[in-house]
Protein chains: 2
Amino acid sequence: MSEHGLLVSAPGKVILHGEHAVVHGKAALAVALGLRTFLRLRPGGGERLRIHLPGVGVRREWDVAELSALRGRLTADFDESKSPGVEQLDVLKEFAGIAADASAPDSLAILAFLYMCLAISAKYGDVPSVDIAVWSELPTGAGLGSSAAYAVCLAAALLHACRAISCPLKDGEATARWPEEEMSLINSWAFQGERVIHGNPSGVDNAVGTWGGALRYQSGKITSLKRVPTLRILLTNTKVPRSTKVLVAGVKEKILKFPAIMNPVLDSIDAISQECQSVLEAMPTNPSPEYYPVLEELFDINQHHLNVIGVGHPSLDRLCRVTASHGLHSKLTGAGGGGCGITLLPPDATPLAVEAAKRDLCACGCAEHCDILG
Amino acid sequence: MSEHGLLVSAPGKVILHGEHAVVHGKAALAVALGLRTFLRLRPGGGERLRIHLPGVGVRREWDVAELSALRGRLTADFDESKSPGVEQLDVLKEFAGIAADASAPDSLAILAFLYMCLAISAKYGDVPSVDIAVWSELPTGAGLGSSAAYAVCLAAALLHACRAISCPLKDGEATARWPEEEMSLINSWAFQGERVIHGNPSGVDNAVGTWGGALRYQSGKITSLKRVPTLRILLTNTKVPRSTKVLVAGVKEKILKFPAIMNPVLDSIDAISQECQSVLEAMPTNPSPEYYPVLEELFDINQHHLNVIGVGHPSLDRLCRVTASHGLHSKLTGAGGGGCGITLLPPDATPLAVEAAKRDLCACGCAEHCDILG
């Protein structure tokens, strides 16, 4: 670690196609978002480890020796290929004064930090005295991979602090990526952090957070798309709260109730992901407008399918209607039932039309960000 | 024929599920509508045959002998199992002063009348001097089977006038049905009338017009549903004009463009028709409200699918939204792209809610009728 510390960042993600269907063995396409999480790692003082997460109101610190002793109490071995043990996490919760059933972002962020810190130091040696600060452009709980971006930043910073990975910055360079094998190591430790936070995550979010770009995920297999054009997408948060767990259960119930009606819909969604992947891989980096009508049609079709499987919401219908009135095509992204929607912005969409759409979205109570994916 | 003549009526139809998918070999469910076409047959005078169709502004009459001579000019034999010949129809058009490419309802109505009249008399002997008047509660060109109801009434009246079928009315009875085998004869001649009007109709409309109730149609095979409960349905005409031919071609184009995405949607629609049939056959004649949620869910799903295959329209979206705001579920029926929509009215929908929905539909420019199917 240099004396000036290190600034790491990782992007959030959106699902272009395949949300929910992915739970039933179909493909999903996830792409990195222009919104990022940033981590600043600086040499600490007084043999203490400090973490500051202004976004969730966390400021904590521990003695390096205290953490070392805690690690000794955790008998199970730490291994980035295995899920964190329930007992290990219980010990960490007790240590940090976190309730056994805590699920608030601040509690889970502290827990993930402690777990990753101890597990990484168990494998690569003590994490030295450092100050870590993390802030994000990503809203939490909106299905945009904020926890994964946090875990990716933490993994990179802690592995770097322990000298398990190199410093990729060459003299005179302002930014750099780690080499591929070190990225893999960062990704597998970030996945551990995601497991602490989410229990049984798919691994897509941390993969997008680590590598960026676009990924296809199916039945546990993650593959990068050959090429990803730069897509402009308007991301809109309906701010309607929802439970992913309840929505996923509802879809399952519908499939069990009407298997002959619902299974073909999942097949159709799978084919949409496949078609979208083919179109994206055939597009040049800065695509001209003629590539967009197919992408827009796929958005429209999938939005109808997501309504069929029961994860729509009046706020999302409104979002689609408002953007359609400006000639723009939208779909929900992620769990649905509220949450976020994405709107394709073709290169020939005039700034005036986009601004008018945003204004109308604001008028119907949606907060929004404009974003670049790529 | 009694001296007081005969009053015949036949219902229109709506498609509950399977429109468009039926073109691609899937099942469709059609049900008889409470809106009917009526025909009054009375003994005529002066050896003339008179037809009066006030709805399309037709009042024509011919000498019985003149029609008999015309029949002699048509060399091809008339057969209810074969399509009317192009040359036969050309002769009839010339005789009636109808342009060769005429497609207006009045021209087609006269042509169908003349064809049926001559073909039936060729088989069963001259149609005697009669006055025929036909009027209808059904709008023409709205996909509600008005031409089939007309053809069914004409077939029954002409066959009756020629004594090819019995008079089903017993002493003291006000209404009656013909026996099954005579209904089959009426249906096959009505199909001939439909062929004159539509060229290559499926035969569903005249089957529903003849037998009423509910029918399943798939790949040319028509079967009656075992039981049909009485369903209350609000029928709304968006009055948005559209071309069935263009819509059917658009669906075919979408299937060719995205076969892997669209074919599963057709499979899902097929399963919806199957599921709906099972539910209807399991329902008692006067079903209680608890049977309706499944029917409503099937309406919603199919409406999304119809949007996916490209036959939706903003007027239909509005119709669905307006009725949804009153807790009622709607879908387009028939060709889509405008045309008619149907709204399920469960027995527990209050008259107040139904009236409020109708008022809101009127306010957004939709004419509507409330109707009973069964």
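The shown structure was predicted, so the numbers you read here are calculated from the model rather than taken from an experiment.
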Seminar exercise, completed: Ordered numerically, the heavy-atom neighbours of chain A under 4.5 Å found in residues 306-340 of chain B are B/Asn307, B/Val308, B/Arg321

For this session: Check each atom of B/Glu297 against the heavy atoms of chain A and say whether the ones under 4.5 Å are side chain, backbone, both or neither.
Result: side chain

Problem set entry | Within 6.0 Å of CG in B/Leu352, more than 12 heavy atoms from elsewhere | no

Seminar exercise, completed: The interface call for B/Leu266 against chain A, heavy-atom contacts under 4.5 Å, is neither

Exercise. Does B/Lys226 NZ have over 12 foreign heavy atoms under 6.0 Å away?
Worked result: no

Exercise. Checking heavy atoms, do the side chain of A/Ile269, its backbone, both or neither come under 4.5 Å from chain B?
Worked result: neither

Exercise. Applying a criterion of heavy atom separation less than 4.5 Å, what residues of residues 271-280 of chain B form contacts with chain A?
Worked result: B/Ala271, B/Ile272, B/Glu275

Exercise. Under 30°, 30 to 60°, or over 60°: which ring-plane class applies to A/His305 and B/His305, parallel, tilted or perpendicular?
Worked result: perpendicular

For this session: Take B/Asp267 and A/Asn263 through the side-chain contact (heavy atoms from CB on, under 4.5 Å) test and state the conclusion after the steps.
Result: CA-CA 10 Å; B/Asp267 290 340; A/Asn263 283 321; over 6 Å; no

Exercise. Taking everything shown except B/Glu281 itself, do over 12 heavy atoms lie less than 6.0 Å from its CD?
Worked result: yes

